[in-house]
Each structure stands twice: as C-alpha cells, then as structure tokens.
Amino acid sequence: MAFAHSYAANPHWQPRTKRHALAHIPGSDGLPIIGNTFRMLKDPGAFGRAMYARHGRVYRNHAFGDVTVSLLGPEANELVLFDRDKIFSSEQGWGPLLNLLFPRGLMLMDFEKHRADRRTLSVAFKPEPMRHYAEQLNRGIAREVRGWANRPMRFYDAIKALTLDLAAESFLGMDLGPAAKRINQAFVDEVQASVAPLRYPLPGTAMAKGVAARRYLIDLFKREIPRRRDGESQDFFSHFCRATDEQGQLLSDDAIADHMNFLMMAAHDTITSSATTLVLLLGRHGEWQERLRDEISALGLNDDEGLAYGQLDRLTLTDYAFKEALRWMPPVPSLPRRALEDFEFGGYRIPAGTQVGVSPAFTHHMPDIWPDPHKFDPLRFAPEQVRARHRFAWVPFGGGAHMCLGLHFAEMQIRILIAQLLRRYRIEVPEDAGHDWQAWPIPRPRDGLPVRFVPIG
C-alpha cells in the first residue's frame with residue numbers, strides 16, 4: 001500500500017499495462033513492493049548506467065509503484081518527445097508523480113488542451129514582455145550581486161532566493177517581502193514531494209508537506225485574481241487573469257492558480273539548478289571565466305549599465321558555456337510519458353498503457369556522441385559541432401510540443417547573471433565543493449556550493 005499510486009486514474013487514462021505483458025523486455029523488478037525505488041533515489045545516474053550496461057538501450061524497471069520501460073539515446077528522445085503520431089501522453093506520464101502537487105499545470109496536459117493553454121501562456125514570452133523582463137532582471141540581479149563581494153556563501157541558496165524574487169517581479173508584479181521565505185519553502189516542499197517514496201499525503205510525510213504547500217500557494221494566487229482582473233497592471237499574472245480562451249471565456253480561477261503555481265516553480269527552481277551548475281564549472285575552469293569576461297567587456301558596458309535585450313545575442317561564448325552546463329547537468333534529468341498505443345523501439349514491441357521514460361541526463365553523457373563527456377568544453381556548441389550531431393542529442397528543455405515554454409527567459413536570465421558577475425568578480429570554488437549532487441527531482445549540490453566572489457580590477 002505504501003508505494004501504490006496516490007491518484008485515482010481519470011476515466012480517459014489508458015489502463016496500466018500488466019507486468020506480465022512486459023516480461024519480454026529485459027530489466028529488473030527489484031525488491032517486492034518497493035522495487036528499485038531506493039536504489040534509484042540513492043544514485044539515479046549509477047543505477048541507469050548499470051541497467052544500460054546489463055540490458056542495453058531498452059530496459060524494464062519497477063520503481064515508485066509502477067513498471068517503466070526506459071528508452072535511451074537520441075533516437076528514443078526523438079520518438080517520444082517529438083511524438084509525430086501523438087501516442088505518448090505527458091499528462092499520464094507525469095500524473096502519478098505530480099497530480100497532487102501541480103495538477104493542470106502545462107506539463108500535465110496533452111494535445112489540443114495543451115496547445116490551447118500553451119498559446120494563452122505564451123503571451124508572457126513575446127518580445128515586448130521579454131524586453132521588460134530584461135530591464136527588471138538587470139536591476140534585480142545588479143542590486144543583489146553588489147553585496148556578494150568577498151563573502152563566503154552557499155551559491156545555491158543565494159541564487160534560489162534571488163531567482164524567486166526575480167520571478168515574482170517579472171511574472172507576479174509584486175515584491176514578496178516578508179512572505180518570501182515561506183513561499184520559497186512551499187516550492188521546496190512541493191518539488192521534494194514529487195519523488196517521495198510514500199505517495200499518499202499521510203500526516204508527517206513529505207507528500208503531506210507538499211500537498212499543504214500547494215494549498216498555501218493556490219490560496220495566495222486565488223486571493224489576487226479578482227483584483228488583477230479588475231485592474232490594469234501589465235505584469236504577466238494580471239494579463240493572464242484577463243485573458244480569454246478560444247471561446248472568448250475568462251479562464252477559471254482554478255486554471256489560473258494552477259498555471260501560476262507551475263510557472264513560478266519552473267521559472268525559479270530549474271534556473272537555480274542551471275545557474276549553480278554553470279557557476280561551479282566556471283569556478284573550476286578559470287580560463288573560461290577569462291574568455292567570457294573578455295566577451296562581456298567587449299560590449300563596453302559602464303558600471304551603471306546592465307545587459308540590454310538587444311545585446312543578448314552578442315554573448316556567443318556565454319551561450320556555449322550555458323549550453324554545456326545544461327549538457328553536464330540537465331535541470332530535468334528524466335522525462336516520463338505513457339504510451340496510448342502499441343509501438344516498437346529497439347527491436348521490442350511495447351504495449352499501450354506502458355509507462356515509458358527518456359533520459360536527457362544519460363543521453364548527454366553518451367561517449368559516442370559526446371567525446372570525453374565529463375570534460376567541460378563549451379566549444380561543443382559551435383555551429384559545426386551542432387550540425388554534426390543528432391538533433392535530439394541535447395534536450396535539456398525537452399522537445400516537440402512540450403518544449404519548455406520559458407527557455408528563452410532562462411537563457412536571458414543566465415546571460416544577464418553571468419554578465420553582472422564576471423564584470424565584477426572572479427569566481428572561486430573550493431576544490432572539494434560541488435562534487436555530490438542530489439539528482440532528483442531537480443539537481444542541486446548537497447553542500448549548497450560554497451563559493452567566494454573576489455572583486456577584480
């Protein structure tokens with residue numbers, strides 16, 4: 001019972017495949033009831049590599065109360081993420097993990113409903129709002145990083161607080177003030193609950209904390225909706241409260257609150273992880289700090305200027321470095337789906353109802369695609385290198401219809417952050433820092449990444 005699913009399947013969901021129907025696929029059922037759950041949580045990377053070494057690019061695994069068929073490599077990514085024939089459900093893939101925490105979030109929608117809501121949400125990422133965000137990000141990041149000089153700090157904690165403040169300003173149009181700490185903890189509790197082995201919100205469990213956190217955040221958003229609908233504020237939340245669907249109807253309060261809950265989580269937790277990875281790698285590779293600093297200096301910014309929206313594309317090497325950090329540690333290491341129809345891959349016939357998963361983290365370290373995969377080499381993303389690779393060899397933002405809606409916002413925020421940091425500081429990371437990471441649900445260094453920012457000049 002402890003490891004059973006925490007949801008009652010929606011009537012339209014494809015029935016789960018019986019375990020015996022997958023017996024022809026090699027793999028491991030693990031221990032009775034719990035399967036391989038704890039082995040995966042302890043070190044998902046090592047578990048995946050061991051399964052690949054033993055079974056190849058298609059294998060069966062029992063964990064978190066379900067049997068999943070893992071499909072590895074860029075061809076698998078293309079099949080599942082591009083989903084040409086619309087046979088893979090994101091809603092039914094993510095639902096067992098997230099439906100108590102982020103129900104009706106964009107990631108838990110399929111096909112026409114997903115397309116319609118994605119189009120409504122996309123107003124937040126058009127050029128004019130993005131220019132406005134760039135101005136806010138420059139001000140907010142500069143204001144904060146000025147105080148980081150020569151101060152021993154845990155970078156993950158500092159950047160998580162900052163990215164939440166920036167997301168609140170950009171998307172909510174509000175200063176979180178004294179509530180920021182509680183809101184931040186609520187998002188932490190939601191995300192951690194997504195991989196809790198106990199899938200029921202029993203008192204005292206991680207899932208109970210996650211469900212309570214969701215309730216708090218949904219109430220916070222719902223309280224704001226009437227005022228935002230009646231006002232004329234230009235932040236994304238206000239625009240979204242006044243938006244209408246394809247039938248000209250206002251979106252329901254529940255839909256707005258659920259989308260904002262998911263968007264705010266994605267807009268700061270994944271960026272926090274990626275920014276931490278990049279700062280760690282730059283701290284370890286001083287020569288790349290210098291190359292990026294030279295590129296930023298060539299823009300001729302003075303002390304009072306930030307990185308203008310129109311200058312973003314001039315930071316080519318910074319873009320390469322960020323992409324390499326995303327390869328090294330993708331913020332979403334694995335992506336689940338459920339098959340709605342039978343399909344074939346790797347010589348196996350996989351029946352409808354099967355939970356399937358692809359792994360950006362595994363693909364990003366395949367040595368036949370990425371020579372010396374543990375080396376930090378931003379030049380992997382020079383145009384001629386990119387053209388020579390499979391287009392689904394690098395998928396930190398997913399792909400197909402569910403490609404991350406906020407990827408350009410993330411790229412913009414990282415470029416502004418790195419420009420503000422490297423024009424002021426040299427990044428110093430202790431030799432023993434950042435070696436042990438919690439991989440799921442969103443990667444983070446267990447030591448918080450100790451770092452020191454030393455003023456230059």
Side-chain angles (χ1 to χ4, degrees), residues 102 105-107 117-146 158-177 179-184 186-187 190-191 217 220-221 223-225 227-229 231-243 251 256-276 278 305-312 315 322 331 397 404-421 442:
F102 300 101
L106 197 62
M107 202 161 63
D117 279 40
R118 184 183 177 94
R119 186 168 65 179
T120 302
L121 286 166
S122 68
V123 301
F125 302 104
K126 293 186 181 297
E128 281 309 310
M130 289 287 280
R131 288 189 182 90
H132 180 61
Y133 301 154
E135 295 173 1
Q136 293 176 322
L137 291 171
N138 271 301
R139 289 195 302 270
I141 292 172
R143 183 172 58 244
E144 183 67 17
V145 304
R146 286 192 188 103
I159 197 64
K160 191 174 194 306
L162 175 56
T163 56
L164 178 60
D165 286 343
L166 296 171
E169 185 174 4
S170 297
F171 295 122
L172 297 182
M174 58 190 289
D175 181 353
L176 298 180
K181 185 174 181 179
R182 183 177 180 187
I183 292 170
N184 190 24
F187 283 117
E190 281 187 311
V191 170
L217 291 167
L220 182 151
F221 295 131
R223 287 198 303 270
E224 286 285 315
I225 290 173
R227 181 172 68 84
R228 301 301 181 102
R229 278 200 173 122
E232 297 181 355
S233 297
Q234 297 304 303
D235 58 88
F236 170 63
F237 188 22
S238 297
H239 277 297
F240 194 41
C241 288
R242 298 191 293 266
L251 298 178
I256 293 170
D258 281 327
H259 279 309
M260 292 306 303
N261 185 35
F262 179 76
L263 177 68
M264 285 293 294
M265 180 279 293
H268 88 282
D269 264 346
T270 55
I271 293 176
T272 294
S273 177
S274 300
T276 302
L278 181 54
E305 285 183 314
L307 184 64
Y309 183 74
Q311 296 175 308
L312 292 171
L315 295 182
F322 181 43
F397 296 109
C404 175
L405 184 62
L407 70 91
H408 296 302
F409 179 83
E411 291 171 342
M412 178 173 70
Q413 184 163 334
I414 292 294
R415 291 183 202 187
I416 292 172
L417 172 68
I418 295 302
Q420 294 282 4
L421 285 176
I442 297 173

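Just the heavy atoms: all of them, side chains too, but no hydrogens, waters or symmetry mates, feed the values below.
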Minimum heavy-atom distance between [X] and [Y], given as atom pair plus value:
| X | Y | value |
| --- | --- | --- |
| P129 | A124 | CB-O, 3.5 Å |
| A308 | N138 | N-ND2, 4.5 Å |
| P331 | S273 | CA-OG, 4.3 Å |
| I414 | A275 | CD1-CB, 3.6 Å |
| L121 | H259 | CD1-ND1, 3.7 Å |
| L164 | A180 | CD2-O, 3.9 Å |

**Prompt:** Any luck finding a side-chain donor-acceptor pair between H132 and E128 under 3.5 Å?
**Reply:** no
Are any non-hydrogen side-chain atoms of [X] and [Y] less than 4.5 angstrom apart?
| X | Y | result |
| --- | --- | --- |
| L312 | I416 | yes |
| L172 | E224 | no |
| L405 | S122 | yes |
| M260 | L217 | no |
| D235 | S238 | yes |
| L137 | L417 | no |
| R229 | I256 | yes |
| D258 | F262 | no |

**Message:** Would you say the ring centers of F171 and F240 fall short of 6.0 Å from each other?
**Reply:** no
**Asked** What orientation do F236 and F125 show, parallel under 30°, tilted 30 to 60°, or perpendicular over 60°?
**Response** tilted
Measuring from [X]:[atom1] to [Y]:[atom2], what's the distance to the nearest 0.5 Å?
| X | Y | atom1 | atom2 | result |
| --- | --- | --- | --- | --- |
| M174 | S233 | CE | OG | 11.5 Å |
| M264 | T163 | CE | OG1 | 9.0 Å |
| T276 | I442 | OG1 | CD1 | 11.5 Å |
| L421 | I141 | CG | CD1 | 8.0 Å |

**Asked** Is there a donor-acceptor contact under 3.5 Å from the side chain of R242 to the main chain of R228?
**Response** yes
**Asked** Are any side-chain N or O atoms of Y309 and backbone N or O atoms of M412, one a donor and one an acceptor, separated by less than 3.5 Å?
**Response** no
**Request:** Could you go through the side chain to side chain contact (heavy atoms under 4.5 Å, CB included) check for H268 and L166 one step at a time?
**Result:** CA-CA 8 Å; H268 88 282; L166 296 171; over 6 Å; no
**Prompt:** Does a sphere of radius 6.0 Å around NE2 in H239 hold more than 12 heavy atoms from other residues, nucleotides or ligands, not counting ones at 6.0 Å or beyond?
**Reply:** yes
**Message:** Please determine whether the number of non-hydrogen atoms from other residues, nucleotides or ligands lying under 6.0 Å from atom CZ of R182 exceeds 12.
**Reply:** no
**Residue pair F322, I418: steps toward the side chain to side chain contact (heavy atoms under 4.5 Å, CB included) verdict** = CA-CA 10 Å; F322 181 43; I418 295 302; over 6 Å; no
**Item:** Contacts of R139 that satisfy side-chain hydrogen bond (donor to acceptor under 3.5 Å, both in side chains) - sequence neighbours left out
**Value:** none
**Asked** According to the salt bridge (Lys or Arg N to Asp or Glu O under 4.0 Å) rule, which pairs have a member within residues 263-272, sequence neighbours left out?
**Response** K160-D269
**Request:** Check the pair F237 / I225 against side chain to side chain contact (heavy atoms under 4.5 Å, CB included), numbers first and verdict last.
**Result:** CA-CA 8 Å; F237 188 22; I225 290 173; 4.0 Å; yes
